[in-house]
Amino acid sequence: MSANLRDVAKKAGVSVGTVSNVLNRPEVVSPKTLERVQKTIAELGFVPNGFARQLRSGYSRTIGLVVPDVANPFFTEVARGVEDAASKRNYAVFLCNSDESLEKENKYLSVLIQQQVRGVLITPADAQGHEYENLRERGISVALLDTETKNSSQCSVSVDDVRGGEIAIEHLLSLGHKDIAWVTGPETIPQIVDRTMGVTKAAKVGKAEISTIRVTLMNVAQGEAAAKKILLLKKMPSAIFCANDLLAFGVMRVLLDAGINIPEQVSLLGYDDISFGNSAAVPLSSISQPAYQLGVTAAELLISECEDSEEHAHQQVKFQPQLVMRASTASK
Ligand code: RIB
């Protein structure tokens with residue numbers, strides 16, 4: 001049977017209260033006693049009841065991570081960065097997928113409150129829904145991930161998606177493409193709103209004709225559905241820009257199956273530069289986002305706010321996207 005608090009106290013020759021202090025308030029225990037009790041804990045293999053400690057101390061060494069879909073390799077990378085940074089500070093991470101649903105997001109936020117997490121990193125499902133703001137009233141820190149905040153009293157880590165949309169259209173214009181299909185997602189998604197702003201801005205400057213095909217979810221199946229709509233257009237655009245790489249993979253599959261050559265007949269450009277892009281049937285050109293670094297930076301900012309809230313200075317960090325050219329885009 002595993003050792004308990006009493007076994008440790010007996011073997012170390014101290015009270016149960018002292019063992020509890022070693023676990024919860026080591027700063028009040030003398031170094032000599034601290035060392036003796038910690039040595040006994042290790043010898044007996046005692047594992048403190050985290051939940052009991054959590055109840056007593058009023059918070060847990062956990063943070064919540066709420067993202068749209070961790071099956072999207074972009075968010076897989078982000079989550080890995082979050083977890084690596086959190087574990088360095090002895091925090092565990094509760095991962096929640098909102099599926100771009102405000103209802104599901106709010107359900108998870110309630111669960112995270114019950115779990116007494118110290119803080120929450122969230123990629124909001126909806127630019128308007130701000131349910132996460134009531135976490136702060138409960139003493140739970142919140143930092144926005146992959147979404148910019150205009151609120152200087154909140155941390156955020158994002159990528160300049162307006163610039164990302166611009167870079168994409170500028171690249172296609174530089175290859176001579178003026179008739180471009182823009183396969184994009186719901187306008188409730190902040191990143192989509194910004195990318196569209198960049199697309200519109202660059203298309204106006206370069207006098208490109210943009211035909212928008214809107215999908216409901218940012219995944220491969222929806223990319224395939226978008227490609228089927230494009231095949232029905234009177235005139236095939238000379239280039240297709242997709243709001244993320246998963247959409248681009250879906251478009252690529254359908255076009256290749258329809259016997260359309262990429263990039264000879266149509267150039268295809270994605271967004272995220274996820275790791276599979278390089279090994280796609282036609283290596284995918286994309287607009288890269290530093291997903292892992294986004295996760296690391298967001299977790300570091302959140303935990304700094306949780307632990308040193310007095311000294312903590314809120315930051316709104318914005319990374320820059322970059323064009324990664326591969327075989328799927330070429331001159332018209
Ligand atoms: O969630 C949809 C998209 O937003 C992801 O593919 C990534 O680009 C994120 O910024």
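If you're wondering where the values come from, they're calculated on a predicted model, not measured in any experiment.
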- Using a distance-only test with no angle check, is there a side-chain donor-acceptor pair under 3.5 angstrom linking Gln191 and Asp146? yes

- Query: Quick one: CG on Asp194 to CD on Glu166, what's the gap to the nearest 0.5 Å?
  - Reply: 11.0 Å

- Hey, is CD on Glu187 packed in by over 12 heavy atoms from elsewhere, all under 6.0 Å? no

- Is any side-chain heavy atom of Asp7 less than 4.5 Å from a side-chain heavy atom of Phe46? no

- Message: Has Asp245 got a side-chain atom pairing as donor or acceptor with Ala248's backbone, closer than 3.5 angstrom?
- Response: no

- Does Met218 offer a backbone N or O that forms a donor-acceptor pair with the side chain of Asn244 under 3.5 Å? yes

- Residues, nucleotides or ligands: over 12 heavy atoms within 6.0 Å of Gln322 CD: no

- Item | side-chain hydrogen bond (donor to acceptor under 3.5 Å, both in side chains) partner of Ser304, chosen from His312, Glu311, His314 | His312

- Mind telling me whether Tyr271 and Phe241 have parallel, tilted or perpendicular rings, with 30° and 60° as the class edges? tilted

- Task: Would you please say whether a donor-acceptor pair under 3.5 Å links the side chains of Glu100 and Thr188?
- Result: no

- Item | Aromatic Tyr292 / basic Arg80 pairing, under 6.0 angstrom, 45° off normal | no

- Would you check if the side chain of Asn72 reaches a backbone N or O of Phe74 as a donor-acceptor pair within less than 3.5 Å? yes

- Do you know which of Glu307, Glu300, Glu83 makes salt bridge (charged side-chain N to carboxylate O under 4.0 Å, His left out) with Arg89? Glu307

- Straight-line distance of Gln315 CD to Ser152 OG, nearest 0.5 Å: 12.5 Å

- Message: Assigning hydrophobic clusters by single linkage (Ile, Leu, Val, Met, Phe, Trp, Tyr; side-chain heavy-atom cutoff under 4.5 Å), is Val67 placed with Tyr91?
- Response: yes

- Item | Ser279 (side chain) donor-acceptor with Phe276 (main chain) under 3.5 angstrom | yes

- State yes or no: do Ile140 and Val111 share one hydrophobic cluster built from I, L, V, M, F, W and Y residues joined by side-chain heavy-atom distances below 4.5 Å, directly or via other members? no

- Answer yes or no: is there a donor N or O on one side and an acceptor on the other, between the side chain of Thr184 and the main chain of Ala243, under 3.5 Å? no

- Query: With distance as the sole test, does Ser328 use its side chain to make a donor-acceptor pair with the main-chain N or O of Leu268 at under 3.5 Å?
  - Reply: yes

- Item | ILVMFWY network linking Leu246 to Val254, side-chain heavy atoms under 4.5 angstrom | yes

- Query: Say you draw a straight line from CD1 of Ile41 to NZ of Lys11; how long is it, rounded to the nearest 0.5 Å?
  - Reply: 12.5 Å

- Mind checking whether Thr123 and Val66 have side chains closer than 4.5 Å, heavy atoms only? no

- Out of Cys306, Ser156, Ser141, Cys155, which residue meets the side-chain contact (heavy atoms from CB on, under 4.5 Å) rule with Leu301? Cys155

- Message: Counting C-beta onward and ignoring hydrogens, is there a side-chain heavy-atom pair between Leu135 and Val117 closer than 4.5 Å?
- Response: no

Donor-acceptor contacts under 3.5 Å from residues 207-214 side chains, at least two apart:
from: Arg214; atom 1: NH1; to: Gly185; atom 2: O; distance (Å): 2.7

- Query: Under the criterion side-chain contact (heavy atoms from CB on, under 4.5 Å), which of Leu23, Val8, Val22, Val19 is the partner of Gln38?
  - Reply: Val22

- Do the side chain of Thr33 and the main chain of Val29 share a donor and acceptor less than 3.5 angstrom apart? no

- Item | Any donor-acceptor N/O pair, Gln316 side chain to Gln154 backbone, under 3.5 Å | yes

- Item | Any Leu65 side-chain heavy atom under 4.5 Å of Cys96 side chain | no

- Heavy-atom side-chain proximity of Ile122 to Leu109 below 4.5 angstrom: yes

- Report yes if some heavy atom in the side chain of Ile167 is under 4.5 Å from a heavy atom in the side chain of Pro321; otherwise report no. yes

- Query: Under 4.5 Å between any side-chain heavy atoms of Val296 and Val82, yes or no?
  - Reply: no

- Query: Can you check salt bridge (Lys or Arg N to Asp or Glu O under 4.0 Å) on Glu224 and Lys229, steps first, answer last?
  - Reply: CA-CA 9 Å; Glu224 290 171 348; Lys229 288 183 182 171; over 6 Å; no

- Task: Give, for atom CD of Gln222 and atom OG1 of Thr216, the distance between the pair rounded to the nearest 0.5 Å.
- Result: 3.0 Å

- Item | Polar side-chain atom of Arg61 near backbone of Asn90 as donor-acceptor pair, under 3.5 Å | yes

- Message: Could you check whether atom NZ of Lys318 has more than 12 heavy atoms from other residues, nucleotides or ligands sitting under 6.0 Å from it?
- Response: yes

- Presence of salt bridge, Arg253 and Asp257, under 4.0 angstrom: yes

Just distance, no hydrogens or angles: give the donor-acceptor pairs under 3.5 Å from side chains in residues 171-180, sequence neighbours left out.
from: His171; atom 1: NE2; to: Thr329; atom 2: OG1; distance (Å): 3.0
from: Ser174; atom 1: OG; to: His171; atom 2: O; distance (Å): 2.5
from: His177; atom 1: ND1; to: Ser238; atom 2: O; distance (Å): 3.3
from: His177; atom 1: ND1; to: Ser238; atom 2: OG; distance (Å): 2.7
from: His177; atom 1: NE2; to: Ser267; atom 2: OG; distance (Å): 3.2
from: His177; atom 1: NE2; to: Ala330; atom 2: O; distance (Å): 2.8
from: Lys178; atom 1: NZ; to: Gly206; atom 2: O; distance (Å): 2.7
from: Asp179; atom 1: OD2; to: Lys235; atom 2: NZ; distance (Å): 2.9

- Item | Asn97 backbone acceptor or donor facing Lys104 side chain under 3.5 Å | yes

- Message: Tell me whether Leu269 shares a hydrophobic cluster with Ile260, the cluster being built from Ile, Leu, Val, Met, Phe, Trp, Tyr side chains joined at under 4.5 Å.
- Response: no

- Distance-only donor-acceptor check, side chains Ser153 and Asn151, under 3.5 Å: yes

- Query: Should the pair Lys107-Glu105 be classified as a salt bridge under the 4.0 Å nitrogen-to-oxygen rule?
  - Reply: no

- Item | Glu43 and Lys39 ion-paired at < 4.0 Å | yes

- Message: Within this structure, what is the CZ-OG distance for the pair Arg6 and Ser15, rounded to the nearest 0.5 Å?
- Response: 10.5 Å

- Test item: Gln115 and Thr62 side chains (from C-beta on) under 4.5 Å apart, heavy atoms: no

- Task: Count the heavy atoms of every other residue, nucleotide or ligand shown that sit under 6.0 Å from CD of Glu103, and state whether that count exceeds 12.
- Result: no

- Would you indicate whether Met325, at its atom CE, is surrounded by more than 12 heavy atoms from other residues, nucleotides or ligands within a distance under 6.0 Å? no

